[in-house]
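FYI, side chains are in, hydrogens and waters are out, and symmetry mates aren't considered; it's all heavy atoms of this structure. Everything numeric here is computed off the predicted structure, so don't read it as measured data.
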Amino acid sequence: DPQTGEILAMASTPARPALQVQPPFLGRERELAFLQELAETGRPELFVLYGRRRVGKTELLQQFCSGRKAVYFLAAQVRDRDNLRAFRAAIASELGDTLAGDVEFPDWSAALGFLAERAAGERLVVVLDEFPYLCEAQKSVPSQLQRFWDTRGKHSSLMLVLCGSQVSFMENEVLAERSPLFGRRTAQRRLEPLRPLETLPFFPHWKLEERVLGYSVLGGMPAYLRRFDSKRPLRENLLRDVLRPEGFLFDEVQFLLRSELSNPATYNSLLAAIARGASKLNDIATDVGVDSTTANKYLHTLRELRLVEREVPLTDPDPLRSRRGSYRIADRFLQFHYRHLQPHLSLIHAGRGQRVLEQFIEPDLPRLLDEATVDFVLDHLRHEAAERVGDELPEIARHPGRYIRAASRTSTGRPVGAIVLPEGKLSTATLQSELATLTAALGAAPLKLTYGLTARLDRPLEVERFPDDE
């Protein structure tokens, strides 16, 4: 259509990217405020921050450390002694401590003890980023930190931050009961992708619909969002960063899987099957060629990593034992990758990325926009809709209607139907039929919230509550 054509219009080949000024810090205001709160407690703090690669942990920590007394250290995949030497150099550089340059630390307990002594009662932030790399080089690092914290750290003025991108490692080897560090942390945070609304400011030069399409491709990962240059059309960004082997995001999904999983091939097949439309456990297993028990085990791992989610309709009377649960890819970029890149890798490697764009991606843009709109609706139900209905909404789920796209239930049991208004003519008969079906399934007439995308950047989602008698 003309509007989509206007959004995507550009030259047939990607232009050379212009040098960009570093964009402002976006989307992590709540997390930054929490870190600042921890820094001001006056107590020793051991904070564990983790989340998948590219979610914005490092940028958040660097923003937090800026302007305060801090040692930020990014570990490397090298031998333990080399990391200790690099840490010593970071201390000397960031604190201006010339004495540190002459000290040889035998282990991490000694290194942190040196900093606890240098802090001398003044708050000092120490960040060990990519902490799993330290443990990879020296298995005893968690035990060394336990010894330091128990003997000196918990009596010091340090705020020690352990940060890692390997989610399974951080949960199992740092936070779990079997870890030497269990019970020592004073706070923890799993950093999640940005909410849909929080992604829109990353594209300041695009109209609202194009910003929503940007989210539909990239999801809420800050590093992905920063790669797209809104001074250029969406189409050009796709050709430059996604649809060629040299692109920043071309191999991103495989990097992610290899960093977290020991057998990426099976996970790749499972994710591809879901992207093709298989949503039930037996259908996914059949598509991949494994038995249901094996498929369920792999899907459980993907759910723990929050790459896949299992959804049960709100209308199901027994959600915990439901056989109606369906699987979907929880991350927008993973969905885009397995739907539009993975099936066409040979074409992209042959330099035919533009053909993939024109033949397979552009015709699917209306679906991408529709799915992204539903994400915005679900996000509103989770975070803001309680004010509209006058009650909390503890249960929220997608709904497979043409107009009713999500359903919820208040804390007092009242159903809520989220109606996404179409741009064209609304079929009143179809909507009434869907409302009647929802009423019969949930035992009461639902409150009705209507949603629609606007052209306004200050209020991208128009929300209204219909009176009960309408």
Results of salt bridge (charged side-chain N to carboxylate O under 4.0 Å, His left out) for Arg118 - residues two or more places apart only: Asp97
Any donor-acceptor N/O pair, Glu210 side chain to Leu234 backbone, under 3.5 Å: yes
Heavy-atom neighbours of Glu177 CD exceed 12 at 6.0 Å: no
Heavy-atom side-chain contact between Arg28 and Val55 under 4.5 Å: yes
From Arg147 atom CZ to Leu112 atom CG, the distance as rounded to the nearest 0.5 Å: 10.5 Å
Check: Leu175 main-chain N/O paired with Arg185 side-chain donor or acceptor under 3.5 Å: no
Residues Thr58 and Arg53: side-chain donor-acceptor under 3.5 angstrom: no
Sequence-distant partners of Asp458, salt bridge (charged side-chain N to carboxylate O under 4.0 Å, His left out), two or more places apart: Arg456
pair Leu95-Leu115: side-chain heavy atoms closer than 4.5 Å: yes
Electrostatic pair Asp82:Arg79 at N-O distance under 4.0 angstrom: no
Audit row: Tyr267, Glu260, side-chain hydrogen bond (donor to acceptor under 3.5 Å, both in side chains) steps and yes/no: CA-CA 11 Å; Tyr267 292 102; Glu260 287 287 350; over 6 Å; no
Donor-acceptor contact present, side-chain Asp291 to main-chain Ala285, <3.5 Å: no
Phe47 versus Arg189, closest heavy-atom pair with distance: CZ-CB, 3.7 Å
pair Glu130-Glu136: side-chain heavy atoms closer than 4.5 Å: no
Residues which pass side chain to side chain contact (heavy atoms under 4.5 Å, CB included) with Pro196, listed by chain and number, not counting sequence neighbours: Tyr215, Asp375, Phe376, Asp379
Arg306/Glu171 salt bridge by N-O under 4.0 Å criterion: no
Backbone of Gln62 reached by a side-chain donor or acceptor of Ser66 within 3.5 Å: no
Residue pair Val48 / Leu181, side-chain heavy-atom distance below 4.5 Å: no
Heavy-atom closest pair, residues Pro222 and Phe202: O-CE2, 4.2 Å
Flag, side chain of Ser157 to backbone of Glu122, donor-acceptor distance under 3.5 Å: yes
Note, Leu461 side chain near Leu453 side chain (heavy atom, < 4.5 Å): yes
Salt bridge present between Arg178 and Glu173 (N-O < 4.0 angstrom): yes
Minimum-distance pair of heavy atoms, taken over all atoms of Gln63 and Leu32: CG-CD2, 4.0 Å
From CG (Leu249) to CZ (Phe255), nearest 0.5 Å: 11.0 Å
Check: Arg388 side chain, Glu384 main-chain N or O, donor-acceptor pair, under 3.5 Å: no
Residues forming a salt bridge (charged side-chain N to carboxylate O under 4.0 Å, His left out) with Glu371, sequence neighbours excluded: Arg332, Arg339
His337 and Phe333 aromatic ring geometry - parallel, tilted or perpendicular at 30°/60° bounds: tilted
Gap separating the CH2 atom of Trp108 from the CZ atom of Phe87, nearest 0.5 angstrom: 5.5 Å
Heavy atoms from other residues, nucleotides or ligands near CZ of Arg303 exceed 12 (cutoff 6.0 Å): yes
Audit row: Val253, Leu256, side chain to side chain contact (heavy atoms under 4.5 Å, CB included) steps and yes/no: CA-CA 5 Å; Val253 169; Leu256 170 65; 5.5 Å; no
Pairwise distance CG(Leu393) to OG1(Thr410) - rounded to 0.5 angstrom: 7.0 Å
Heavy-atom pair of closest approach, residues Val217 and Leu238: CG1-CD2, 3.9 Å
Within 6.0 Å of NE2 in His383, more than 12 heavy atoms from elsewhere: yes
Geometric class of the Phe228/Phe203 ring pair [parallel <30°, tilted 30-60°, perpendicular >60°]: tilted
Side chain to side chain contact (heavy atoms under 4.5 Å, CB included) evaluation trace for Leu61 with Leu35: CA-CA 9 Å; Leu61 291 172; Leu35 285 169; 4.3 Å; yes
Residues Glu252, Arg227; criterion salt bridge (charged side-chain N to carboxylate O under 4.0 Å, His left out); working and verdict: CA-CA 13 Å; Glu252 176 63 20; Arg227 285 298 303 182; over 6 Å; no
Passing candidate, side-chain contact (heavy atoms from CB on, under 4.5 Å) with Ile274, options Ile284, Asp283, Asp287: Ile284
Qualifying residues under salt bridge (charged side-chain N to carboxylate O under 4.0 Å, His left out), relative to Asp150, sequence neighbours excluded: Arg184
Any side-chain heavy-atom pair of Leu314 and His399 under 4.5 Å: no
Check: Leu38 main-chain N/O paired with Thr41 side-chain donor or acceptor under 3.5 Å: yes
Residue pairs fulfilling ring pair (Phe, Tyr, Trp, His ring centres under 6.0 Å) with at least one residue in residues 166-193, sequence neighbours excluded: none
Atom NZ of Lys231 with >12 non-hydrogen neighbours under 6.0 angstrom: no
Heavy-atom check, side chain of Leu307 versus side chain of Leu257, under 4.5 Å: yes
Heavy-atom pair of closest approach, residues His205 and Arg211: N-NH2, 4.4 Å
Check: Gln254 main-chain N/O paired with Asp251 side-chain donor or acceptor under 3.5 Å: no
Short side-chain to backbone donor-acceptor contact, Ser109 and Leu145, under 3.5 Å: no
Atom pair CG (Asp331) and CG (Leu305), whose distance is rounded to the nearest 0.5 Å: 11.5 Å
Salt bridge present between Arg88 and Glu104 (N-O < 4.0 angstrom): yes
Check: Ser165 and Lys57 side chains under 4.5 Å, non-hydrogen atoms: yes
Under 3.5 Å: donor-acceptor pair, side chain of Asn237, backbone of Arg232: yes
Spacing of OG1 belonging to Thr186 relative to CH2 belonging to Trp149, to within rounding of 0.5 Å: 6.0 Å
Residue pair Arg30, Glu198: steps toward the side chain to side chain contact (heavy atoms under 4.5 Å, CB included) verdict: CA-CA 12 Å; Arg30 293 189 307 276; Glu198 293 173 330; 3.1 Å; yes
Closest non-hydrogen atom pair, Ala295 against Leu270: CB-CD2, 4.3 Å
